[in-house]
Structures are given as structure tokens and as C-alpha cells.
Number of protein chains: 2
Amino acid sequence: MAQHTVVVSRSTLKRLPLYLHLLEKLQAEGVETISCTYIAKEFDFDPTQVRKDVEATGEVGTARIGFRVAGLTDKIKEFLGWNNAHDAFLIGAGNMGKALLGYKDFEKYGLNIVAAFDKDPKKVGAKIFGKEVMPLSKMPALVKRMHINIGIVTVPAEHAQAAVDALIDAGVKAIWNFAPAPLKIPEGVILENARLTQSLAVLTNNLTRVLKP
Amino acid sequence: MAQHTVVVSRSTLKRLPLYLHLLEKLQAEGVETISCTYIAKEFDFDPTQVRKDVEATGEVGTARIGFRVAGLTDKIKEFLGWNNAHDAFLIGAGNMGKALLGYKDFEKYGLNIVAAFDKDPKKVGAKIFGKEVMPLSKMPALVKRMHINIGIVTVPAEHAQAAVDALIDAGVKAIWNFAPAPLKIPEGVILENARLTQSLAVLTNNLTRVLKP
DNA sequence: GTTTTATCGAGAAAAAAGTATCGATATAAT
DNA sequence: ATTATATCGATACTTTTTTCTCGATAAAAC
């Protein structure tokens with residue numbers, strides 16, 4: 001099958017999961033086809049924008065009908081790499097780490113957190129939502145043996161760079177970072193920041209403006 | 001004092017917290033002035049972009065020197081509304097809810113989670129990180145009495161719209177949504193989605209492209 | 001069977017975001 | 001004192017992203 005190695009904008013990539021959620025809801029309701037116009041209305045986007053986003057996945061529609069819900073769902077999942085799970089290690093079994101370990105839906109999004117690591121001996125040995133917490137020293141060997149590609153970083157900001165360095169040294173190809181620290185990574189490694197503070201900044205700025213007399 | 005009611009792009013708003021983290025690190029190290037060139041290098045951004053972002057906060061620099069670290073810190077905080085705390089209620093005391101309740105740094109970011117609410121009677125009554133979990137039925141009256149402006153939604157997707165409706169009915173002005181559901185809100189209310197799946201989508205898409213032979 | 005309508009897909013236009021250029025200026029070096 | 005340099009701030013330019021327009025097409029309405 002022809003794979004779609006199209007490079008698209010971050011914005012498009014971030015809209016696709018939204019469409020996917022909607023499509024899965026519709027599929028559960030037995031809806032078979034869907035138009036970009038409909039999707040656009042649901043999110044208050046421009047229909048053309050939705051059409052272009054969908055185009056990136058390689059799915060083609062039919063005039064007057066739209067797209068098959070099942071077909072589009074598959075194409076989006078494939079495009080995002082969510083059709084088969086990537087194994088991941090998590091570093092830092094604090095609150096955020098625990099929350100992620102307990103997030104069952106990740107398997108739907110192509111992510112399988114295999115184990116957690118922490119440098120605090122008090123946290124080591126426990127099981128969090130069925131996943132073992134191991135000492136950080138064991139991480140490198142396990143990354144190599146299990147061919148882990150993704151490292152999730154949920155340590156405090158001051159330890160983030162060290163955690164990332166260790167993960168990359170061990171052979172991890174992508175970092176999902178939750179620490180509020182600017183990280184340096186070598187060429188070829190993927191860094192994605194999931195920083196709540198950025199989202200919060202947008203919220204509080206808007207709110208201050210709205211509340212201002 | 002002249003307030004800055006400048007409307008800036010989402011992108012700018014999301015970069016400002018990054019600068020702020022860096023500035024606070026520098027301030028702790030005793031650095032007094034900083035140039036946009038330096039900030040840009042740290043994040044691999046364009047210096048002009050940093051200068052424009054900074055301009056939005058209203059801080060002015062001096063040629064050849066740059067900006068005072070302390071002054072810029074204050075201006076960014078003020079611009080983001082992080083200089084005085086907004087009280088917030090959290091709905092949904094699941095894993096993500098707990099993680100947020102335990103996140104101490106929020107006070108630095110102008111957010112004070114006052115209490116949590118859950119419809120599950122088993123969760124009600126407990127204290128999570130010192131914050132009480134109350135029945136959802138008590139929420140509306142408390143929002144009004146305490147003049148709560150922000151509602152944080154960490155319920156499962158299928159209950160998200162109901163939670164949001166209840167919060168807005170009660171008088172909340174801004175919603176910080178963690179549920180993977182498309183939410184409808186009335187004019188004038190602020191909705192900010194903090195969806196991990198969007199960030200994950202960018203990561204897994206990039207990773208599949210990198211791993212592809 | 002013809003007309004109407006909703007939709008796609010492609011390309012053009014508009015808007016937004018990011019990048020480069022350049023004069024002005026404040027410090028440091030000579 | 002003069003020259004060199006780093007930086008700001010304003011403006012111009014470029015690129016990217018979003019939105020608009022329009023012909024083609026498939027179903028529905030008449």
C-alpha cells in the first residue's frame with residue numbers, strides 16, 4: 001500500500017486527533033459518511049481547512065457525499081502512527097507521571113507505557129496501575145533490550161536535561177517532555193513538549209483581558 | 001499604570017512562558033540584563049521573533065544592553081495574568097485531576113485550585129493534597145459565593161459537556177479542558193483545551209516518519 | 001429527464017506569522 | 001576621542017497558513 005510520507009504543519013497534526021474523536025463517536029452511532037462541512041461546523045473551523053487536513057492523510061472523498069467514516073478513521077490513525085502501538089518508558093513517577101501511567105486511552109493513541117523509572121529509592125519497587133517502577137540505573141539496558149523508541153519525561157525541571165540525556169544515550173528516538181525546562185537534544189531526535197503552562201498562559205491572558213474593565 | 005491590552009497571537013502567548021522560565025533561572029543566577037539574541041539562541045528561535053514577543057508585553061529595552069531581567073519577568077507575568085492568582089475549581093478527581101491538584105507550581109502561574117468536585121460518592125469527602133473533594137451538587141453555589149472564574153475539567157469525555165454547562169451556568173468565565181471532547185460554549189466564555197493527544201499526535205507522526213525506511 | 005443542491009478538489013487570494021534589513025544608540029575597545 | 005560592536009526598534013519582505021472562489025460531480029427533488 002502506498003504510504004503517505006507527506007509532511008504537514010503542526011496545526012494540521014493537532015487538528016487531526018480532534019476529527020478522529022468525532023469520527024469515533026459517529027462510528028459508534030452508526031453514521032457511515034461525513035462531510036468536511038459537518039466536521040468544520042462541529043469545531044467552528046473553515047470547511048476548506050478541514051478538507052486540506054483530510055487531504056494530507058490520503059483519504060479521498062466523493063462529491064455530494066463526503067468521506068466514509070470508517071475509511072477516514074483508518075487513514076487518520078495510520079497517518080498519526082496510531083494504528084500500532086509504540087512502546088515507551090516514563091521517567092519520573094511523581095503526580096504527573098502517575099496520571100499518565102493511569103491513562104488507559106493511550107493505547108488508542110498508539111502509546112504503550114511499558115514501565116516507569118525513578119531515582120528515588122522510596123518510589124522504586126512499587127507498581128502504579130500495574131506498571132513497575134524501577135531504578136533509573138536499569139533504564140539504559142532495558143531501552144536497548146526492548147528497543148524502546150519513546151521516552152516520557154515527567155521529572156522536575158532541574159532534572160529534565162539529565163533524564164533526556166540518559167534516554168537519548170540509551171537509544172531513545174523521541175522525547176515527550178512535561179518538564180518546564182528548555183531542553184537541548186541532538187540532531188535526529190524528536191522532542192515534543194507537552195507543557196501545561198503554555199496552555200494556561202493562553203487561558204489566563206485571555207481571562208485577564210476579558211475581566212479588565 | 002498603563003495596562004497592556006494588546007491582543008497577540010496564540011504562538012506568542014505560548015512562547016512567553018518559555019522565556020519566563022529562562023528569566024527566572026537567570027535571575028536566580030544573578031544575571032541582571034538579557035538580550036533577545038541570547039533568549040533566541042537558548043530556544044533556537046529567531047531573535048526578531050523574540051523581540052516582537054517581548055514588545056507585546058510593553059517592556060522596552062536599551063540598545064547594546066538588552067532588557068533588565070527583573071523588569072521583563074514582571075512584564076511577562078503581568079501580561080499573562082500571572083502576577084495575582086485566579087481561583088479555580090476542578091471537576092473530576094480522577095488521575096489527571098489528582099495530578100493537577102498536586103502540582104505545586106501552579107501558584108507561580110497565577111492559578112490557585114481551591115477545591116475539587118466529583119459525582120462519584122466514593123471520591124467525595126477525601127482530601128487530595130490538602131484540597132477537599134466535594135459533591136458536584138455543591139459546585140454552583142460555591143462558584144457564586146467565592147466568585148470563581150476558572151473551571152478545570154478533568155472528567156471523562158462523555159461527561160465533559162455536562163460539566164462545562166454546569167460550570168458556565170454557575171458563572172465561571174473560563175474553562176480549562178482536559179477531556180478529549182469537542183465542547184460547545186456560549187459567546188463570551190473562554191475555552192482553552194489542554195489536550196495531551198494533540199501533542200502526542202505530533203510526536204507519533206514525526207516518529208513514524210523518522211522510523212520509516 | 002431536467003434542475004437543484006451539497007460536496008469535493010484545485011487553485012487563487014488574503015491574512016497571519018516569521019525573518020531579514022537597516023538606522024539609531026549605548027557600551028567597550030583601541 | 002575615535003572606532004568597532006552588540007543590540008534595539010521600526011519597517012520591509014518572505015513564507016506559511018487560512019480562507020475564498022469556482023468548476024466538476026453525485027445524489028435528491030421536481
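Chain letters run A, B, ... following the sequence lines, proteins first and then strands; every chain starts at 1. Just so it is clear, the model here is predicted, and its values are computed rather than measured. The figures that follow rest on heavy atoms only: side chains count, while hydrogens, waters and symmetry mates do not.
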Taking only N and O in the side chain of B:Arg15, is any of them less than 4.0 Å away from OP1 or OP2 of C:dA17? no

Numerically ordered, the residues 34-54 of chain A set in heavy-atom contact under 4.0 Å with DNA chain D is A:Asp46, A:Thr48, A:Gln49, A:Lys52

Who are the ring pair (Phe, Tyr, Trp, His ring centres under 6.0 Å) partners of B:Tyr103, not counting sequence neighbours? B:Phe106

So which nucleotide from C:dC8, D:dT18, C:dA26 ends up closest to the side chain of B:Ala63? C:dA26

How do B:Val60 and A:Thr12 order along DNA chain D: which one's closest nucleotide is nearer the 5' end? B:Val60

Roughly how many Å is it from CD1 in B:Ile65 to C1' in C:dT27, rounded to a whole number? 6 Å

Please identify each residue that fulfils side-chain hydrogen bond (donor to acceptor under 3.5 Å, both in side chains) with B:Glu192, with sequence neighbours left out. A:Ser199, B:Arg10

Sorted by chain and number, sequence neighbours left out, side-chain contact (heavy atoms from CB on, under 4.5 Å) with B:Ala85 holds for B:Asn112

Could you tell me how the ring of A:Tyr109 sits relative to the ring of A:Trp82: parallel (under 30°), tilted (30 to 60°) or perpendicular (over 60°)? tilted

Starting at CD of B:Glu59 and ending at P of D:dT7, how long is that distance when rounded to a whole Å? 17 Å

Roughly, in whole Å, what's the span from CG in B:Leu72 to C1' in D:dC8? 13 Å

What pairs with A:Asp105 under side-chain hydrogen bond (donor to acceptor under 3.5 Å, both in side chains), at least two apart in sequence or on another chain? none

Sorted by chain and number, sequence neighbours left out, ring pair (Phe, Tyr, Trp, His ring centres under 6.0 Å) with B:Phe117 holds for B:Phe89

Between the protein and nucleotides 2-4 of chain C, which nitrogen or oxygen pairs are less than 3.5 angstrom apart?
none

Not counting sequence neighbours, which residues clear side-chain hydrogen bond (donor to acceptor under 3.5 Å, both in side chains) with B:Asp74? List them please. none

For A:Asn95, all residues meeting side-chain contact (heavy atoms from CB on, under 4.5 Å), sequence neighbours excluded: B:Ala99, B:Phe129

What I want to check is whether the side chains of A:Asp165 and A:Gln161 have a donor and an acceptor closer together than 3.5 Å. yes

Whole angstroms only, please: what is the CG-P distance between A:Leu13 and D:dT17? 11 Å

Please give, in whole Å, the distance from C:dA16 P to B:Arg10 CZ? 16 Å

Please report the distance, rounded to the nearest Å, between CD in A:Glu55 and C1' in C:dA10. 8 Å

